[in-house]
Each structure stands twice: as structure tokens, then as C-alpha cells.
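What's counted below: heavy atoms across the whole structure, side chains too, no hydrogens, waters or symmetry copies. Residue numbers count from 1 along this sequence.
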Amino acid sequence: LEVRKAALTALTFAKPQPQDMMPALIGSLKNIREDKAVRLTVLGMLAAYGPNARDALPFLEFMHQRESKKAEDDRDKELFTKLTETLEAI
């Protein structure tokens with residue numbers, strides 16, 4: 001887990017081209033077994049890419065919609081907030 005988070009953080013500073021990163025970033029979000037901290041880091045990267053992360057929109061919208069349908073007490077507020085911010089950034 002820590003290695004994946006560190007690798008993602010390092011990639012943020014390396015500033016790879018968005019089109020090179022999208023498949024891996026989207027794959028991390030789609031992996032339901034992925035750690036929440038890694039998913040939040042991926043969302044931050046996508047937000048930083050802004051409009052260049054458009055390829056991720058369909059799945060981000062799906063995740064956002066799924067979280068928004070949950071009862072307030074069942075919703076992962078941190079994930080929901082990060083999803084909302086990422087969608088606004090893109």
C-alpha cells in the first residue's frame with residue numbers, strides 16, 4: 001500500500017502526460033479492492049490534470065452517483081467530497 005501511494009505521489013511530481021496515465025489511473029479507481037488512500041491519491045491526480053482527464057469522466061460520474069445514492073450515514077464523505085472536487089476540476 002505505502003509503495004503504491006509513494007509511486008503515485010512521485011508520478012505527480014514527474015508530471016507524465018495525461019494520456020499515458022489515464023488507463024492506469026482509471027484501473028486503480030475501478031479496482032474495488034484498492035485501498036481508499038490510493039483511490040484518493042488517484043482522484044487528486046485526475047483533478048490536477050483537469051480537462052486532460054476527460055477520459056475518466058464516465059467512471060468518476062458512476063462512482064459519484066453510486067455514493068450520492070447512499071444514505072447520508074452510509075456515504076463515505078471523504079471519497080464523495082474528493083469525487084465532487086475532481087469532477088469540478090475536470
Heavy atoms, side chains only, cut-off 4.5 Å: are Leu29 and Leu60 in contact? yes

Assess whether atom NZ of Lys30 is packed by more than 12 heavy atoms of other residues, nucleotides or ligands within 6.0 Å. no

Inter-residue atom distance Asp55.CG - Met21.CE, 0.5 Å rounding: 13.0 Å

With sequence neighbours left out, the residues meeting side-chain contact (heavy atoms from CB on, under 4.5 Å) with Asp76 are Lys36, Glu67, Glu78, Leu79

Side-chain donor-acceptor pairs under 3.5 Å in residues 83-90, sequence neighbours left out?
residue: Thr84; atom: OG1; partner: His64; partner atom: NE2; Å: 2.8
residue: Thr84; atom: OG1; partner: Phe80; partner atom: O; Å: 2.9
residue: Thr86; atom: OG1; partner: Leu43; partner atom: O; Å: 3.2
residue: Thr86; atom: OG1; partner: Lys82; partner atom: O; Å: 2.8

Nearest 0.5 Å, please: how far is OG in Ser28 from CG in Leu46? 9.5 Å

Using side-chain heavy atoms (C-beta onward) and a distance below 4.5 Å, is Tyr49 in contact with Arg54? no

dist Lys70:NZ -> Lys77:NZ (nearest 0.5 Å) comes out at 11.0 Å

